[in-house]
Asks: 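Could you have a look at this structure, given as structure tokens, before my questions?
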There are 2 protein chains.
Amino acid sequence: MPLSPASVAEQEYLKQIYLLHEDEGRATTQMLADRLGVKPPSVTAMIKRLAEDEDGPLVRHMPYHGVDLTERGVAVALEMLRHHRLIELFLSELLGVPWDRVHEEADRLEHVLSEDLEERIATKLGNPTVDPHGDPIPSREGVIMPREMVRLTELPVGATGVISRIDQQEGPVLQYLASLGLILEETVTVQSIAPFGGVVTVRVGMGGPDSVHALGGDLAKHILIALACDEAEGSRR
Amino acid sequence: MPLSPASVAEQEYLKQIYLLHEDEGRATTQMLADRLGVKPPSVTAMIKRLAEDEDGPLVRHMPYHGVDLTERGVAVALEMLRHHRLIELFLSELLGVPWDRVHEEADRLEHVLSEDLEERIATKLGNPTVDPHGDPIPSREGVIMPREMVRLTELPVGATGVISRIDQQEGPVLQYLASLGLILEETVTVQSIAPFGGVVTVRVGMGGPDSVHALGGDLAKHILIALACDEAEGSRR
DNA sequence: TCCTGAATTTAGACTCATCTAAATATAAGG
DNA sequence: CCTTATATTTAGATGAGTCTAAATTCAGGA
Ligand SMILES: [Mn+2]
Ligand SMILES: [Mn+2]
Ligand SMILES: [Mn+2]
Ligand SMILES: [Mn+2]
């Protein structure tokens, strides 16, 4: 992904537009303002600049109805995501930075990573496809390896699975999850789910009764599970 | 060195003012413009901003006679230099980036390195005091370990010494020197020096006649030598 | 179909860092 | 001591990215 004649601010907007489409299905002015920590008029102004970039539009603006990325915009967003996630893994594996702190570091480093360094890091890590949170790392060509996963809140009671992705970047939240043993690759079994997006009770690993924890629905929905192979998906057989 | 509420541009100016004082004895508007790749009026404008920083001046401006750093300015410059040189060594040792390319990478990374990462890198490298070019790495507290060295051009004919620092960052120059075997820790013996800053002929290592090379004075003066211990300094005994 | 509240955009201003062109200071030589 | 080349500073403009306040649009409910 050698391109990206975009400023840091532009890269940041494009990345957040991509991520909003991924987790909310759309990107509005307000949502972008919240995620970027700026006011709505700043977002509108930047969207206009991105829409009339001199080497072709990076976004399509539907006034009053949000914004989405052009092919060029997606390419820039995926490059930033690749940088971000490679850096997260690198910091975690090679410098022992804890998983709840790699995100903020990567957010600053991703914009100044050269293609050469990107390549060296990828090679050193063995061309990984997932970062320390289970987020997929796009390939050099911008391809994301698809993986089958369901949210913890969508699992049937009694089902067992492996935690494969935490869809949440905030340090304190990640720290809390880790304190309960809810980390990547850990096996969990659903004990109960309160209806209407309520509390999920899970057993962690193969442990006894003190490895059972109750999680609020808002938290649990950010935990993604790869079903155990010989488990029917979503049905209770 | 936790401080540095300075923008990237401010950090870059402060660093170059520091380096100019180190290698030229002073920093003028023109010299700064050259090193920073901007026009002289931009330098004047920035110097004024640095001189009246809201938390105290970072530089002293003597109009028409250059600029120097205040204590606060020195602290910021040394922090950048520490970041820069730690990053150079890190990239060189842990990612195998060749010594002629670490400088440009570090120039971008130094401004986004957190104190936490700085500390982890320093620890991983064993709290080093010199970078891959032999440039000293300031301590956390901003102290530079002094080392006795002379320029290759100042060595008497027949003297032997160890290359301890290359006072030059440009990639192609470093590549050329490396191609002659003129790298850090290598031993060299002066065969002859043409007068008036002329050509220096050196024998590299313990090699035979084909390890003898002639260097222009402009190049040779950037090669710093630590005298072999039992060699009288500067005298021919 | 109209009203209203929330989201969005427009208008206008500001800071930072840069530029070009013009004015001015310095230092060196006659 | 005066002249002049060069370095430096001033003046004024520009672009990126942000802000506040005001105007506009949209969508849902009466
Ligand atoms: Mn890249
Ligand atoms: Mn991640
Ligand atoms: Mn530091
Ligand atoms: Mn160096």
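A note on names: the letters A, B, ... follow the listed sequences, proteins ahead of strands, and every chain is numbered from 1. Heavy-atom basis, side chains included; hydrogens, waters and symmetry copies ignored.
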Asks: Quiz question: by atom type and distance under 3.5 Å, do the side chains of A/Thr28 and A/Gln30 form a donor-acceptor pair?
Replies: no
Asks: Taking NZ, NE, NH1 and NH2 as the nitrogens, is one of them in A/Asp23 or A/Arg35 under 4.0 Å from a carboxylate oxygen of the other?
Replies: yes
Asks: In Å, rounded to the nearest 0.5 Å, how long is the span from CG of A/Asn127 to CD1 of A/Ile121?
Replies: 12.0 Å
Asks: In plain terms, say whether A/Arg140 and A/Glu118 are close enough for a salt bridge, that is, a side-chain N and a carboxylate O under 4.0 Å apart.
Replies: no
Asks: How many angstroms lie between atom CD of A/Glu154 and atom CD1 of A/Ile225, to the nearest 0.5 angstrom?
Replies: 10.5 Å
Asks: Considering only heavy atoms, which members of residues 104-112 of chain A lie under 4.0 Å from some atom of DNA chain C?
Replies: none
Asks: Out of A/His111, A/His103, A/His133, which one pairs with A/His84 under the ring-ring contact (aromatic ring centres under 6.0 Å, His included) rule?
Replies: A/His103
Asks: May I ask you to verify if any side-chain N or O of B/Ser42 is less than 4.0 angstrom from the OP1 or OP2 atom of C/dA17?
Replies: no
Asks: In whole angstroms, how far is the P atom of C/dA17 from the CG atom of B/Asp53?
Replies: 11 Å
Asks: Measure all distances between protein nitrogen or oxygen atoms and nitrogen or oxygen atoms of nucleotides 5-9 of chain D, and list the pairs falling under 3.5 Å.
Replies:
residue	atom	partner	partner atom	Å
D/dT8	OP2	B/Gln30	N	2.9
D/dT8	O3'	B/Tyr64	N	3.4
D/dT9	OP1	B/His61	NE2	2.6
D/dT9	OP1	B/Tyr64	N	3.0
D/dT9	OP2	B/Thr29	OG1	2.8
D/dT9	OP2	B/Thr44	OG1	3.0

Asks: Rounded to whole angstrom units, what separation is found between the CG atom of B/Leu32 and the C1' atom of C/dT18?
Replies: 15 Å
Asks: Is A/Arg108 salt-bridged to A/Glu105, going by a charged N under 4.0 Å from an acidic O?
Replies: yes
Asks: In whole angstroms, how far is the P atom of C/dT18 from the CG atom of B/Leu50?
Replies: 11 Å
Asks: Please report the shortest heavy-atom distance between A/Leu78 and A/Gly142, naming the atom on each side.
Replies: CD1-O, 3.3 Å
Asks: To the nearest Å, how far apart are A/Glu52 CD and D/dG15 C1'?
Replies: 14 Å
Asks: Identify which nucleotide among D/dG17, D/dT20, C/dC19 has an atom closest to any side-chain atom of A/Lys39, counting heavy atoms from C-beta outward.
Replies: D/dT20
Asks: More than 12 heavy atoms of other residues, nucleotides or ligands under 6.0 Å from CE of A/Met145: yes or no?
Replies: no
Asks: Return the minimal non-hydrogen interatomic distance between A/Lys15 and A/Glu110, and the atom names on each side.
Replies: NZ-OE2, 2.6 Å
Asks: Is B/Glu170 atom CD crowded by more than 12 heavy atoms from other residues, nucleotides or ligands, each under 6.0 Å away?
Replies: no
Asks: Taking N or O atoms only and anything under 3.5 Å, show me the protein contacts with nucleotides 12-16 of chain C, one pair per line.
Replies:
none

